[in-house]
Amino acid sequence: MEHLTQILLLLSIAIAVVVTFQRLHVPTSLGYLLVGVILGPHTLGPTVSVPELEKLAEFGVVFLLFTIGLNFSLPQLQALRHQIFGLGTGQVVFTTLLVGIVAWLAGFPVAVAFVFGAAFAQSSTTIIASILKERGEDNTQHGRLGIAMSVFQDVTAVPFIVIIPVLGTSVSAGVLAGSLGWALAKAMLAFALVFIAGRWLLRPLFHIISEQRSLEIFTLAVLLIALLAAWTTNNLGLSLAFGAFLAGMMLGETEFRHQVESSIRPFRDVLLGLFFIGIGMRFDPTAIPPIWHWALVGALLILASKTLIVAAMLCRTGVDNQVAWRTGLLLSVGGEFGLALIAIALDSNVIEGQQAQIAITSVLLSMIAGAVLIRFNGVIASRLVSTSHAETPSIPELPETSEQQVVIGGYGRVGHTIAVLLHSFGIPFVAFDIDPKRVAQGRADGFPVYYGDISDPELLAAIHVERASLIVLTTDDPTKALHALAYLRRNCPQVPVVARARDLETSAKLLQAGAVYAYPEAIEASLRLGAAALQILRVPSDVIDQEIQGIRDLGYKPVLEDEPDKQEKAAH
């Protein structure tokens with residue numbers, strides 16, 4: 001009970017600050033950092049010192065990595081390998097190298113320079129997402145690219161969690177290389193153990209637990225698995241967070257992923273808040289005067305390096321110059337995960353107090369300045385690319401004419417087929433896709449295919465989509481199709497939209513959103529196959545067409561299995 005007064009004080013100030021920050025639309029992570037500064041030992045006023053809370057706060061990063069692992073299971077990592085090992089990893093690697101070399105040339109030891117590079121390479125997903133949502137840019141091309149790359153940074157930061165603690169225990173280069181090699185070997189062993197356990201134990205275990213229909217037992221099981229995996233890697237000499245990340249990856253492959261994430265979120269948010277409060281307590285405002293110039297240079301280095309590296313990488317992939325610069329400006333902001341890496345390095349004796357103050361202050365300054373850059377990314381990017389804008393392939397505008405003209409959203413298998421049909425009838429069209437390879441293939445085919453996201457309101461406005469005679473949404477992402485439909489129905493309801501649908505559920509959503517037609521592929525393929533069979537059996541074509549259209553008009557109910565049929569089949 002001796003710490004109860006301090007705990008009450010901590011909770012009261014935390015609630016007041018976080019509520020204020022939420023009302024001001026400022027990320028709550030900054031609010032928790034401010035709470036730590038207010039209640040820390042380096043500022044005037046009350047000081048909170050509860051060792052038990054400090055130990056408990058370490059599990060905030062553990063549960064954060066656990067939830068990140070849930071969203072990046074092995075199949076998802078395989079599917080996103082080009083983005084993760086391309087754009088996401090490339091940005092982190094190049095930024096770490098550039099910042100590390102600059103810090104080393106400035107006189108910092110190699111290990112400290114590496115920590116600076118790793119910490120400065122991170123960006124704040126919460127700041128990026130919150131400002132983009134506030135400005136209505138979360139569904140734009142640069143918004144999605146920025147959020148995706150910032151999330152990928154969390155995954156690519158996992159090796160840093162393994163490497164940084166080793167840097168504090170080695171002296172010579174030979175010993176360092178051996179320690180890192182041994183740490184990586186233990187990381188592989190931990191991955192194998194968790195992988196085997198996940199494949200053979202976790203799914204059956206959660207099946208048994210879910211049969212009890214008790215949310216309490218389910219939550220306890222989630223906590224047990226996350227902490228058990230963390231305990232395993234900790235006993236192997238690795239970090240607690242690394243084990244939690246591996247456990248999250250394994251559970252991410254199961255059908256229980258969403259419920260697991262829902263169960264762990266309250267613990268994660270509260271403990272992560274305590275973690276950021278702990279980082280804020282380490283921040284010493286009185287230490288700024290001797291290091292202010294280093295902190296300012298560090299903040300500028302964070303902002304400039306990530307902006308330039310991301311913009312250059314995206315330009316090389318064929319992304320529009322302005323989109324590339326806007327994405328770079330989004331990712332220029334410092335990140336909470338960078339602060340977490342600094343705390344790990346400080347606890348592992350890799351960096352000393354003054355060096356940690358430089359790094360923390362640099363990241364905090366970049367988070368403040370980066371928020372401004374994100375808010376005005378469009379204006380800044382327009383000025384940056386004004387001189388080279390002529391070199392960028394312009395997005396075509398639909399002309400003001402009575403001639404039929406079609407916009408195709410997505411140039412995959414379906415989009416290509418529709419383009420061929422339109423071309424054969426001499427109907428003009430323009431197609432958009434976000435895959436540079438598909439764009440290149442379309443242009444090689446001699447078709448007007450351009451790089452662009454059909455759900456981007458800015459793109460639709462730029463091409464004057466209201467002049468189109470028809471819009472065909474062939475993207476296989478129903479979310480993008482629904483976003484595009486929302487814009488089209490709001491701004492040009494006179495333009496008919498035909499959409500691709502994978503199944504009946506997606507078809508219903510697209511029709512409800514305003515599509516004129518949204519045929520479910522699987523059922524339509526079955527109907528066409530049946531029509532071909534009837535034609536071979538000499539059934540008149542007009543009778544076949546009438547029957548198929550009747551099935552469509554009834555919402556495909558005649559060809560769907562009803563519950564009695566399903567139960568009868570299950571019984572057999």
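Keep in mind that this is a model prediction, so the values were computed, not measured.
- With Ser263 contributing its side chain and Thr219 its backbone, the two residues share no donor-acceptor pair below 3.5 Å.
- With contacts defined as side-chain heavy-atom distances shorter than 4.5 Å, the pair Ile368/Leu364 does not qualify.
- The shortest non-hydrogen separation linking Thr361 to Ile291 is OG1-CD1, 4.4 Å.
- Taking NE2 of His483 as the reference point, atom CD1 of Ile454 lies at 14.0 Å (rounded to 0.5 Å).
- Considering only residues two or more places apart in sequence or on other chains, Asn235 meets the side chain to side chain donor-acceptor pair (under 3.5 Å) condition with none of them.
- In this structure, Ser12 has no side chain to side chain donor-acceptor pair (under 3.5 Å) partners at least two apart in sequence or on a different chain.
- In this structure, the side chain of Thr233 engages the main chain of Ala230 through a donor-acceptor pair within 3.5 Å.
- Scanning for ring pair (Phe, Tyr, Trp, His ring centres under 6.0 Å) contacts around Phe276 gives an empty result, with sequence neighbours left out.
- When the salt bridge (charged side-chain N to carboxylate O under 4.0 Å, His left out) test is applied to Asp477, no partner is found at least two apart in sequence or on another chain.
- Across every non-hydrogen atom of Thr47 and Gly40, the tightest pair is OG1-O, 3.6 Å.
- In this structure, the side chain to side chain contact (heavy atoms under 4.5 Å, CB included) partners of Ala118, at least two apart in sequence or on a different chain, are Phe160, Leu341.
- Side-chain contact between Phe114 and Ile164: present, with at least one pair of heavy atoms (C-beta onward) separated by less than 4.5 Å.
- Minimum interatomic distance between Ala229 and Gly243 (heavy atoms only, all atoms of both residues): CB-O, 3.3 Å.
- Side-chain atoms of Thr96 and Val92, non-hydrogen and from C-beta on, do get closer than 4.5 Å to each other.
- Here Asp269 contributes atom CG and Leu274 contributes atom CG; the two are 11.5 Å apart, rounded to the nearest 0.5 Å.
- Every side chain to side chain contact (heavy atoms under 4.5 Å, CB included) that Pro46 has, sequence neighbours left out, goes to Leu9, Leu39.
- The ring pair (Phe, Tyr, Trp, His ring centres under 6.0 Å) search around Trp294 returns Phe108, not counting sequence neighbours.
- By the 4.5 Å heavy-atom criterion applied to side chains, Phe66 and Leu251 are counted as neighbours.
- Within a 6.0 Å sphere centred on CZ of Phe218, heavy atoms belonging to other residues, nucleotides or ligands number more than 12.
- In this structure, CG on Leu8 lies 11.5 Å from CD1 on Ile13, to the nearest 0.5 angstrom.
- Side chain of Thr43 to main chain of Val37: a donor-acceptor pair is present (N/O by atom type, distance under 3.5 Å, no hydrogens or angles).
- In terms of heavy-atom proximity, Ser455 sits nearest to Lys480 at CB-O, 3.3 Å.
- At least one side-chain heavy atom of Leu11 sits under 4.5 Å from a side-chain heavy atom of Ile7.
- Considering only residues two or more places apart in sequence or on other chains, Asn377 meets the side chain to side chain donor-acceptor pair (under 3.5 Å) condition with Glu137, Arg326.
- Between the CD1 atom in Ile434 and the CG atom in Asp456 there is a gap of 10.5 Å [rounded to 0.5 Å].
- Across all non-hydrogen atoms, the minimal contact from Ser362 to Gly298 is OG-CA, 3.6 Å.
- Within 6.0 Å of CD in Glu352 there are more than 12 heavy atoms belonging to other residues, nucleotides or ligands.
- Met149 CE to Ile128 CD1: the interatomic distance, rounded to the nearest 0.5 Å, is 9.5 Å.
- Qualifying side chain to side chain contact (heavy atoms under 4.5 Å, CB included) partners for Leu227, counting only residues two or more places apart in sequence or in other chains: Phe59, Phe63.
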Quick one: side chains of residues 299-306, donor-acceptor pairs under 3.5 Å with protein atoms, not counting sequence neighbours, listed by atom name and distance.
unit_1 : atom_1 : unit_2 : atom_2 : d
Ser305 : OG     : Leu301 : O      : 2.6
Ser305 : OG     : Ile302 : O      : 3.4
Lys306 : NZ     : Phe120 : O      : 3.3
Lys306 : NZ     : Gln122 : O      : 2.6
Lys306 : NZ     : Ser123 : OG     : 3.0
Lys306 : NZ     : Leu331 : O      : 3.3
Lys306 : NZ     : Val333 : O      : 2.7

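- With sequence neighbours excluded, the residues that form a side chain to side chain donor-acceptor pair (under 3.5 Å) with Thr95 are Gln91.
- Shown here are the side chain to side chain contact (heavy atoms under 4.5 Å, CB included) partners of Val110, two or more places apart in sequence or in another chain: Trp104.
- For the pair Ile358/Phe116, a side-chain contact is recorded, criterion being any heavy-atom separation below 4.5 Å from C-beta on.
- Side-chain contact check for Val102 versus Leu105: every heavy-atom pair is 4.5 Å or farther apart.
- You'll find the side chain of Leu33 stays beyond 4.5 Å of the side chain of Ile277, heavy atoms only.
- Heavy-atom minimum distance, Leu373 versus Ser332: CD1-OG, 3.6 Å.
- Distance CE/Met313 to CG/Leu308: 13.0 Å, rounded to 0.5 Å.
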